[in-house]
Every structure is written in structure tokens, then in C-alpha cells.
Amino acid sequence: MAPADPAARAVELRSLLRHHDYRYYVLDDPEASDAQYDALKRELVALEEAHPELITPDSPTQRVGAPPAVQFAAVSHRERMFSLDNAMAAEELDAWVARVERALGRPAAGFACEPKIDGLAVSLTYERGRLVVGATRGDGAVGEDITANLRTIGAIPLALLGDDLPEVMEVRGEVYMPLAAFEELNRAQAEAGERLFVNPRNAAAGAVRQKDPAITATRRLSIWVYQIGFQRGGPAFAGHGESLAWLRSAGFPVNPTSRHCNDPTAVRDYVQRAEAARHDFPYQTDGVVVKVDSLAEQRELGFTARSPRWAVAYKFPPEEETTRLLAIAVNVGRTGAVTPYAVLEPVFVGGATITNATLHNQDEVARKDLRVGDTVIIRRAGEVIPEVVGPVPSLRTGAEKVWQMPEECPFCGSPIVRRPGEAVARCTGGFACPSRLREYLAHFAGRGGMDIEGLGYKTIDMLLREGLIADPADLFSLGKDDLISRERWGEVSVGNLLAAIDGARDRPLARVLTALGIPLVGGTVARVLARRFRRLDAVLAASEEELSAIDGIGPEIAGSLRAWAEDPDNRRLVAKLEAAGVRLADPEEEGVDRSRLAGVTLVITGTLAGFSREQARVAVEDRGGKVAGSVSKKTTAVVVGESPGSKAQKAQELGVPLLDEAAFVRLLAEGPAALPAG
Ligand code: IVH
């Protein structure tokens, strides 16, 4: 039934939804059931569909919907976003308290203690209560504009509650991924054969920097707000705790375990409790942030170059446990490298159950004197990958066994060899080794390589299981009949995969070189090689001397390239890729004068209409010019595209000329004569 006054109903619905958001995200005490909430939301959506003129940017229906970004614009923070000094032990915390007391000439009046959330810092700017900009920390002075992504986070209010709203307020907080969301995301990634995220912080950082906000919206992020960065107008605060209370009343989630502590003893007590309880929270914490509460005292204490003197981050110590080393097994990676890893009796450490830990290489096992059957110490610091610290020799029974690198690959039976002077042992089975082939294919098709969408581990495993491919070149001869009617493969998915594979036939040479997985040849080296030689056969024919003479290519890389090029397996692969119609060369641009831009250094900022960043760079470098990442007095000119960053401003300060896209095109065609005079 249509409401009598749609405009009034829209206002009412928004206010109701905001109220329920507040109960849910801020107070953690919802009043409405999910169904009731959804019904209100649906009613508002329907109303806005019928009356698009009623839509406001801060409507709860408007969180997702911004088009994918090409690139994030730069945002200057109104107040620098400082980082914090760390206190790694109780004594260092005491030392900080003593420094504060010395600087003030009296004990601080009180402290604010908060969990240190392991996510990523963001700044949210509100003008008259409306969210206008959300940004990353960046280098502290300038961050990236990720407003469209942050708007998708339900816990971030689009409009603030209350009457006395500041004209401008920049609020800081930590965006994080709750542990449950992280685990679910990794389950889904594993199922899709995609790469797993190492920890919730990386997952959150990745989600927030997605080009497409619709993807961010699926990642179930949240936020704890912990600081006001800049404020004009609105209420005045005497203490940090007071400002947090106001932030909470305005609709920001403020961590409920934050406390005011009157003296250092209370601070120590808080820290101890937080540490004991660190795994009880549904999100990751890596310490406690202690702040001097009084804002007047904060002003008295001020800042060092990198951090406030009025705050410190107490970091929880890395966590260690002992368990039994049941066995040492090996993996075979994409280059054939054989990597030993510890198979452990499951042990709960650092908030997770650990069953495996990499041992890196044979020498590492020997250096640590690890023996199968040992009791070993496992450390998991700050959510990094778990590490075997070493054995506890006093607990040895004599039954422990010294480990030897196997002589044969457990996956293919080929000999494992270790070349003199190398730390890694390698399986010699080549593509006949199923483990190596699987990893190679994943790398070949991966984002840094041929970038074949939809070809993750899961699909690779199917292709290998069904005997459809025996090397990467076989991908290009897959046909519809090979795939259709395999489990979960229909017309659409088969069509998409084949189209993606076909699209990989004309990747730039730099990508092909990266995809080939030549040891020591990553993206940067591959670009250098592609630029210099333009053709794969030329790269592979170059002598070691010729290669080492190139800027950016050392003798080790040159040696590795030669060794790769001489391996008959690799030669066969290259020939087969060529026969499969993979373009192994970059197209020559005709009539290019390779020294036209000699001595010219450009900086590019913003989005160009006719070039991707990479294309623009290649165009400049093809003509003998350079593209730099930052503006200095040596910069010849700054090319300014759509939504330029701070580099344009920097150029003006330094008197470096600015070129628009048309002037850039002229420069490419005519050389420095096309530059503005002076
Ligand atoms: S206050 C000038 N409070 O830790 C004060 N930071 O190591 C700025 N962090 O960049 C920070 N939880 O990303 C503050 N309750 C908390 C925090 C917190 C996590 C992060 C933040 C900051 C980093 C400093």
C-alpha cells in the first residue's frame, strides 16, 4: 500500500533504520529481528524506486552502487595520521609512563586503555554529520580515497545521530575483518581453488582496496573507532574517554572493552587482563593502546617526528607452545624446489591450531638440529606464519631420528638433486612431477602471469585428474568437448574458461616471461627484459654477458635465465606455446624514434583516457624516456589525467610544467620540442 506522504515515510524509514543500525552495531543490543529490519529496508527500497527524487546520498539503501574505480585518488589528511611507538614488554610500558611523568613534571591525571585492533587504519571525514570522504592512512600525510568501499561497511554511519554535530570532523578507526568472516572467506577461497589470505588483517586490507565496491560489500568488514583527528565546530572535549563517549552516541562503534584507568597500576592491570583474554574476542588484537586521557596534557606532551608522546602501543609477546614433531615431509613447488615442512601434533598457539610449519630448506633443518620425534617449540607472532623455533633437547629419549632429504621425489619418483652452492634441492621430474606441474600451472595462469580468470587450483586439479593437460601449453588446445558435462561444468562456465584462455594468447611479453616461472624473473625483471628484447626468442638467445650488461639484471639473474633457456623441457614448452598461437613478442610500434625522449623524465598522475598506466610508461620508455614515481626538481614534466593526486600540486610548488593528455600525446609524437617553453 502506497503511503499518503511518500517523502515523510522515506524520512521516517531512514530514521528507523539508523536507529536499528545503532542498536546493532554500536550497542550490540538489537531491538528488531533481522526479518523486521529487512522489511523496513525493503519498504524504503520500493519507495525510492517509485520516487527516485526522494533518494538521498546518506540513505541506508545507498551503501553499494558506486561504479568500480580505475584508481584511488589521493587524499591529504587534515591532521597527520601518526603511528605509535611500541612497548614490547611491561618494563617498556613503565618507562613510557615515567617519560610522560617527567615531561609533565607530575603524574598524568589518567589514562585511556583500548585494545589494539589488528586491521588497517582509516580516516572518515564528516561534514555536518554526513560522511563525505573515507581514506586509508597512506604515508600518514596523504592516503587513498576509498570512500565508495568504506560506505559498504554497515558499521560505518553514513549520517551521524544527535544535534550538536560538528561542521567538519575527521574520525579515525581500524577497519577489521571479524574472525568468523575471515574463516568463511578462506573456506570459500579454498573451495574456488583461490589463494588463501594469511590473516584477517591482510584480508581486510585487500577488501578495502578492491576496485569494485560490490566486492568489498561481500567481505563483511567492520570497524572500531578510536580517535578524533580533526574537528571544527560541535562539542568540546576535555578528555579522550569523553570524546569516545560522544563518538559512540553519534553512532560510531567504539570498542566496549576500552577503559579509563586512574593510574599506572590500573593500566598494568588492564594490559594483563587484555592479554589473558586476547583470544576470547571475535576479532584479532595484537596489543593494548594506552593514551594519556586529558587532551590538555596531550597538547603539553606533543609529538615526536613519527608518533605522539601521549600514547604508546603495548604489543603482546609472541606466543610459543611445545608439541611433537611427528614427521618431516616435503612439498614440490613450481620451480621443482623441494621444501621440507614439519608435520606437528596439532597444537593451539597464537589463537589457532597449527598442524604444519615450513622448514624452508635442508640446511635450516640441520641448523636447528630438528629430529623426527623431537619435542619442538612453535612460535606464532602477530599472526604471521607459524615457525618452528627449535627442539627441546632435554626431552629427547634417544629414539629421535635425524632427517635426510629424500633421494627421490615422493610425488613422481624422480631423483632429487641439489646443485653445489644452492640452498634448495630440486625434483628433476620436470612436468612429469604432478606436484610441480600443479604449482606451475597455478602460477602460469595466476594474476601475475597469464591472468586466466577462473583457472584456479580447483579447475587445474580437475584438468589434471581427467588427463586433459600435461603442460601449460595444453591449455590452449582444450576444446568445448573436453570440458562439457564434467561435473559442475556447463555451457556458460566452459565458454567463459575457453574465452579466458583464448584471451591469454596475446598477453604482453612481460607477462609471458613472468608466467614461465624462470627462477629470479619476477614482474619487474620481466618488464626490463621485455622492453629490451621485445621477443621471447631474443631473450632466450641472449648471452650471459649481454644480459648482465642490462640495467637491473645482475649475473645471478642472467645465469638463471641461461640455465632455463638451455633446459630441453623448457625449449619444448616454448615451442609448443608458439605452435598454440601464444604471442611471444610485443608488437612493434611503427616509426618510433627510440631516442626521441632521451633525458626526459615524466611523472604521471590521475587517469588518462587513451592509455593505461603501463601503456603510458611503455610509450615513454620506448622513446628512451623515463617515468618516475615521484616529483622532484629533476622531473621534466608531470602528465595530469583525470582525478590527479597530490603530485600535480607538488609539481606546481616546484615549478615543474604540467601536461594534459593532449600535450602528452604531442610530446610522444614530436619529442621535447613539444614541451612548453622554459
Ligand atoms: S590510536 C595518534 N588506537 O595501531 C594515535 N591506534 O601502531 C593514533 N590501532 O596506525 C592511533 N587500535 O592503525 C590507536 N585503539 C587504537 C588502535 C590503534 C589499532 C592501530 C592504528 C595505528 C597503529 C599504530
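Just so you know, ligand 1 is whichever comes first in the structure, and atom 1 is the first atom listed for that ligand.
Centroid-to-centroid, the aromatic rings of F252 and Y126 come within less than 6.0 Å.
With E114, H240, M81, Q227 as candidates, the residue nearest to atom 15 (N) of ligand 1 on a non-hydrogen basis is E114. Of the candidates Q298, K291, E174, K116, it is K291 that places a heavy atom closest to atom 3 (N) of ligand 1.
Within 6.0 Å of CG in D28 there are 12 or fewer heavy atoms belonging to other residues, nucleotides or ligands. Few gaps surround CD on E92; more than 12 heavy atoms of other groups in view lie less than 6.0 Å from it. Within a 6.0 Å sphere centred on CZ of R273, other residues, nucleotides and ligands contribute 12 heavy atoms or fewer.
Residue A311 does not touch ligand 1, judged by heavy-atom distances below 4.0 Å. Counting heavy atoms under 4.0 Å from ligand 1, residue L84 touches it through both backbone and side chain.
Residue contacts with ligand 1: P308 is included, with a non-hydrogen atom under 4.0 Å away. The shell of residues lying under 4.0 angstrom from ligand 1, judged by heavy atoms, excludes G119.
No salt bridge links R309 with D85; every basic N to acidic carboxylate O contact stays at or beyond 4.0 Å. Comment: R172 does not engage E79 in a salt bridge, judged by the lack of any side-chain N to carboxylate O separation of less than 4.0 angstrom. Between D58 and R18, at least one side-chain N (NZ, or NE/NH1/NH2) sits under 4.0 Å from a carboxylate O, which counts as a salt bridge.
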Audit row: R78, E170, salt bridge (Lys or Arg N to Asp or Glu O under 4.0 Å) steps and yes/no: CA-CA 8 Å; R78 283 192 169 80; E170 191 188 333; 5.3 Å; no
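Annotation for ligand 1: atoms under 4.0 Å from non-hydrogen atoms of A121 are 13 (O). Interface of P115 with ligand 1, defined as ligand atoms under 4.0 Å from a residue heavy atom, comprises 12 (N), 15 (N).
No side-chain donor from either of R278 and T285 sits under 3.5 Å from a side-chain acceptor of the other.
An N or O contact shorter than 3.5 Å is missing between V289 and ligand 1 by distance. The N/O atoms of L120, backbone and side chain alike, include none that comes under 3.5 Å of an N/O atom in ligand 1.
For atom 12 (N) of ligand 1, the closest non-hydrogen atom of the protein is I117 N, 3.0 Å. From the protein, the heavy atom lying nearest to atom 8 (C) of ligand 1 is F82 O, 4.0 Å. Scanning all protein heavy atoms for the shortest distance to atom 22 (C) of ligand 1 gives Y226 OH, 4.0 Å.
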